[in-house]
Amino acid sequence: MTALLLQTRLPVSDYDLAATLACGQAFRWRATELGWEGVIGPRWVRLRAVEGDILAETVASPDDWRWLVDYLQAELNLASILATFPDDEPMRASVEACRGLRLLRQEPWECLASFILSSTKQIVQIQQIVELLCTRFGSALATPLGARMTHAFPTATQLATTTEADLRACKMGFRAPNLLAAARAVDSGELDLNMVGQGTVEQAREELMRLPGVGPKIANCVLLFAYGYQQAFPVDVWVMKALRQLYFPKRQPRPERLQRFVDTYFGPNAGYAQQYLFHYMRTRR
DNA sequence: CACCAGGGTACCT
DNA sequence: AGGTACCATGGT
């Protein structure tokens, strides 16, 4: 299905699209000759940097671009966030290596489902699994000719009516029953994702962790990337490596000691600092 | 080809 | 409480 393209230009400062879209917080962005192509909610989107601003193309429908500004966090004052990071050598190196990296504000269901699929998977593989899931179960989108991303992320309701075997066919292995359980919980109303963002970060985390296959790490990713709880600090293998190597090179602190450290040391935007450490560790050398 | 990947859980001392 | 095997798949 082809459609007319609509353009807008978002004024931004200090925004690195590549770092932001490919740093492992979202999984549906691909670099093409014409820019970064992806899907936000029910819309196909293409983005590219033009004179420091962001030029966005989508198919005609909205005359309001609020959904895009929110997703990209285009109006966020990044410098005021970075100013709250601890003034130490690892964070200085991370900020230097991650110029213009932003945290996105993603749709909760897509974020939750994607990170349920992420456990012990490389980012490239997560992208492949998510794309299989979208083409098989997501609704077809209005797209320009030659688009790579042609389907929306499947809704919880769409996935709730699949089977574990259907999902395993998308190469997600042992994660299939966990995704199915999450889809059913959201579809049935047993888990209300709109309510999760209302309470404290602890309440929200507890609610998400009631799902099978959702532990502290995945819950924190959703809290940070979808709900914007800046205190949420996901610790994966890379961040663990960063913490041990850069902050505790001598001895190995116990998990509880480490948890207390990340919850106090990195300040009010600890989650943001975490993403900078993550990207720094993954891109150096 | 081993080794590892944006983990979580059940089961064992 | 703290270790450990296992889960499925494929990139490096």
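Throughout, protein chains are lettered first and strands after them, A, B, ... in sequence-line order, and every chain is numbered starting at 1.
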Measuring only the [atom1] atom in each nucleotide, how far is [N] from [M]? A whole number of Å is fine.
N	M	atom1	result
B:dC1	C:dG10	C1'	13 Å
B:dG6	C:dA5	P	22 Å
C:dA8	B:dC11	P	16 Å

For A:Arg175 and C:dA8, is the shortest distance between a side-chain N/O and OP1 or OP2 below 4.0 Å? no

Side-chain N or O of A:Gln128 less than 4.0 angstrom from OP1 or OP2 on C:dG11? yes

Fit a plane to each ring of A:Trp29 and A:Tyr71, take the angle between them on a 0 to 90° scale, and name the class: parallel (under 30°), tilted (30 to 60°) or perpendicular (over 60°). tilted

Which label fits A:Phe261 and A:Tyr265: parallel for a plane angle under 30°, tilted from 30 to 60°, or perpendicular past 60°? parallel

Value in whole Å for how far the [atom2] atom of [N] lies from [atom1] of [X]:
X	N	atom1	atom2	value
A:Asn220	B:dG8	CG	C1'	14 Å
A:Trp238	B:dG7	CH2	C1'	16 Å
A:Ile126	C:dG11	CD1	P	13 Å
A:Gln122	C:dA8	CD	C1'	14 Å
A:Met172	B:dG6	CE	P	17 Å
A:Asn178	B:dA10	CG	P	10 Å
A:Met209	B:dG7	CE	P	15 Å
A:Gln252	C:dG3	CD	P	11 Å

Of the candidate nucleotides [options], which contains the atom at the shortest distance from the side chain of [X]?
X	options	answer
A:Val239	C:dG2, B:dG6, C:dA8	B:dG6
A:Ile218	B:dG6, C:dT12, B:dG8	B:dG8
A:Phe174	C:dG10, B:dG6, B:dG7	B:dG7

Any chance you could lay out the side chain to side chain contact (heavy atoms under 4.5 Å, CB included) test for A:Leu191 and A:Val186, step after step, and finish with the verdict? CA-CA 5 Å; A:Leu191 174 61; A:Val186 171; 4.0 Å; yes

Counting Watson-Crick and G-U wobble pairs only, both distances under 3.5 Å, name the nucleotide matched with B:dA2, or none. C:dT12

Using Watson-Crick or G-U wobble geometry with both distances below 3.5 Å, tell me the partner of B:dT9, or none. C:dA5

Which part of the nucleic acid does [X] contact within heavy-atom distance under 4.0 Å: base, sugar-phosphate only, or nothing?
X	result
A:Thr120	base
A:Gln127	nothing
A:Lys121	base
A:Pro216	sugar-phosphate

Ignoring hydrogens and angles, are the base of B:dG6 and the side chain of A:Gln274 linked by a donor-acceptor pair under 3.5 Å? yes

Taking all atoms of both residues into account, what is the closest heavy-atom pair of A:Ala152 and A:Gly41, and its distance? CB-O, 4.1 Å

Of all heavy-atom pairs between A:Leu159 and A:Ala183, which one has the smallest distance, and what is that distance? CB-CB, 3.7 Å

Is the base of B:dG6 stacked against the aromatic ring of A:Phe278, taking ring centres under 5.5 Å apart and planes under 30° as the test? yes

Whichever of A:Val124 and A:Ser119 has the more 5' nearest nucleotide on DNA chain C, that residue is A:Ser119

Closest to the 5' end of DNA chain B, once A:Phe27 and A:Gly213 are matched to their nearest nucleotides, is A:Phe27

Check A:Asn178, A:Ile126, A:Ile116, A:Leu179 against A:Met172 for a side chain to side chain contact (heavy atoms under 4.5 Å, CB included) and give me the one that passes. A:Leu179

